[in-house]
Number of protein chains: 2
Amino acid sequence: MGARVTMRDVAQAVGMSPMTVSRALRDDRTVNAKTRARVRQVADDLGYVYDSTAQAFRTQKSGFVAVTLPSVNNANFAETFRALTNGLGEAGLQLLLGSTNYRVEREEELVRQLLTRNPEALVLTGGHHTDEMRRLVQARDLPVIEMWDLPEDPLGHVVGFSNSDAMAHIVDHLVATGRRKLAFVGASEGADMRGAVRRAGVVAAARAHGLPEVAMIDAGPAPVSMRHGAAVIEAMGRDVAQYDALVCVSDPVAFGCLSSAQRMGLRVPDDLAITGFGHFEVAKVSNPRITTVNVQAEDIGRQVVALLQGIFDGAVDDPVRVDVGSALVVGETS
Amino acid sequence: MGARVTMRDVAQAVGMSPMTVSRALRDDRTVNAKTRARVRQVADDLGYVYDSTAQAFRTQKSGFVAVTLPSVNNANFAETFRALTNGLGEAGLQLLLGSTNYRVEREEELVRQLLTRNPEALVLTGGHHTDEMRRLVQARDLPVIEMWDLPEDPLGHVVGFSNSDAMAHIVDHLVATGRRKLAFVGASEGADMRGAVRRAGVVAAARAHGLPEVAMIDAGPAPVSMRHGAAVIEAMGRDVAQYDALVCVSDPVAFGCLSSAQRMGLRVPDDLAITGFGHFEVAKVSNPRITTVNVQAEDIGRQVVALLQGIFDGAVDDPVRVDVGSALVVGETS
DNA sequence: CGCCGAATTGTTATCGATAACATGATACCG
DNA sequence: CGGTATCATGTTATCGATAACAATTCGGCG
């Protein structure tokens, strides 16, 4: 309705200086306990709402941690995000979220925006960035964490795992169970670096085992999910039977492939093995259960929180590199 | 490294006043075109980064829209969020996201925090709130939108659909296809109001059709997903065959139930019908496809964006109530 | 040439909270 | 009882951008 209530108004009402109110609301013990209680009471009565913007401005500490994700519409990233929110919320920090839609140029633009909010740290998903973006970030004296990857040339700290190692686990397992004709199902060559790295991991591992060339099945532009996996296999029809294993870029894609394969009467895993990535819920519940790789999305979030706490406490100075690893989870599709 | 670069520094470098720099960076046409270009150039060279905090403080406009979601780890809410982000991003607004974990008390706390950031609007998911929270919000002269619901007594604007109507569609359909012994599979009675409303909708619709009492199958505390649906049906074993339809609170739960039912050899839909809610991807890809209700998550987001634009442009004054509706999508599980 | 309106740039005050420093009140000691 | 340590509160200046108002420059025209 009228003008907003500020600390000055509260101060006037209690008959004290704004400074005392400020201290009282922060529970500063140098303020008399009775005064503190009275200030809180009056602030409540007046409907006073603290202004974080003014605080952020004055103290030059925004209370924000900026986070970029390729997409929130992905259970794994969402899980990491949840862990971050919960962990940082306890530390009084707010997350500022931006999604890149799997495009590095979008990431640059996004980070540019986020930086204007003066975040106290920057958490990026993935290790691929534009040069301009690297410059942007390194020009500031700002803690940076890259997660979900183990980049060669990191911007700062790293909490992730090796996508190519993870794919190697899958290929090793398939080879051990007698498969030789592999096809990789993923997004088209393009802006999604994570997909590209996984693809490269499969190709390298196959080569190491002396397998024939890995076929590429293009499920369309990133992000690809259940319906894209289902569609591409349905479109291929019986042609898919020339392979004895489909290595999918993610569990949802694998589930889509599985579903289409079953609809066309293929027996999984007898006729065709299918593997996923990410240990999504659907992999555990589907029928048959999908062989996948567990990447511990939540753990990544927790480790990032711990790292940030270390950084803010001054306990961390040198760049940290945490490999959370990944583990093969054998299901019933291989 | 050193002190941050401010407009004052840029101004000094160009030999002009900070005011001119401010105008130039905002592309104010009262500033000479050449000057504008030079200012931008110098700002870039100095590595100047605009300070939104200072701007927000001075103008008393934060550029934030606060949004609460029960959880980001839900493809439907994530979809709405994505539409909001994209739409509001174009308008130069940033989303401030908080998740309530399906608890109204948590919502109150969250909104309290979010309000300290001076958001220009508040977008809430759901229509159930604590009294304290209603007071909090109404004390401020702040546009409020409740979405994903059609509350009786809204706080402000509404963009949603009727959960009980949606469930009635499901029940009508089941009755029309000859089912009579229904069981509802959802979260335990508790803080999740959306689940409770859906359950009530099923009960009311069943009563209207003169069906026997609807059984309640408790899949555990909210949020419930695939694994909970799978677990509770697996635990019930053959007992589940006493019902001829499982009405699930969401598609993921339905998929879990479907999977367990299939594993124990039940034929769906011959022995047992299963329905979901939300038109998740899994409903379209699963085998058989799950009968569900489409709630157009993305459309909700778009409508909220349009409404917000109207509000900010001053085109909207009276509270708006948009019913985006919901539509039965018949699959192969019923 | 002198004057006027348009174009361009400058000055001042301000948003609300708080760090740093200063002051006043109170207790406690020998 | 004077003096000093402790507790409690107040004063002042400040963070960076910008609205509102003021001033200056410039071209053109009678």
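Computed from a predicted model, the values in this text were never measured in an experiment.
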Whole angstrom value for the distance that separates [atom2] of [N] from [atom1] of [X]:
| X | N | atom1 | atom2 | value |
| --- | --- | --- | --- | --- |
| B:K34 | C:dT9 | NZ | P | 11 Å |
| A:R117 | D:dG16 | CZ | C1' | 14 Å |
| A:F57 | C:dT14 | CZ | P | 15 Å |
| B:N118 | C:dG16 | CG | P | 9 Å |
| B:Q60 | C:dA13 | CD | P | 20 Å |
| B:Q12 | D:dG16 | CD | P | 14 Å |
| B:R36 | C:dT8 | CZ | P | 8 Å |
| B:R29 | C:dA6 | CZ | P | 16 Å |

Which parts of nucleotides 17-28 of chain D does protein reach within less than 4.0 Å, heavy atoms only, written one letter per nucleotide 5' to 3' as B for base, S for sugar-phosphate only and - for none?
-> BBBB--------

How about A:N73 and A:S71: does a side-chain donor come under 3.5 Å of a side-chain acceptor?
-> no

Does the side chain of [X] reach to within under 4.5 Å of the side chain of [Y], using non-hydrogen atoms?
| X | Y | result |
| --- | --- | --- |
| A:L88 | A:V305 | yes |
| A:V104 | A:T100 | no |
| B:E120 | B:S62 | yes |
| A:T53 | A:F57 | no |

Should the heavy atoms of other residues, nucleotides or ligands under 6.0 Å from CZ of A:R321 be counted, would the total exceed 12?
-> yes

Around A:R8, counting heavy atoms of other residues, nucleotides and ligands shown, do more than 12 lie under 6.0 Å from its CZ?
-> no

Have a look at B:V31 and say if it touches a base, only the backbone sugar-phosphate, or nothing, with a 4.0 Å heavy-atom cut-off.
-> sugar-phosphate

Describe the nucleic acid contact of B:T35 in one word from base, sugar-phosphate, nothing, applying a heavy-atom distance below 4.0 Å.
-> sugar-phosphate

At under 4.0 Å, does any side-chain N or O of A:T20 touch on OP1 or OP2 of D:dG10?
-> yes

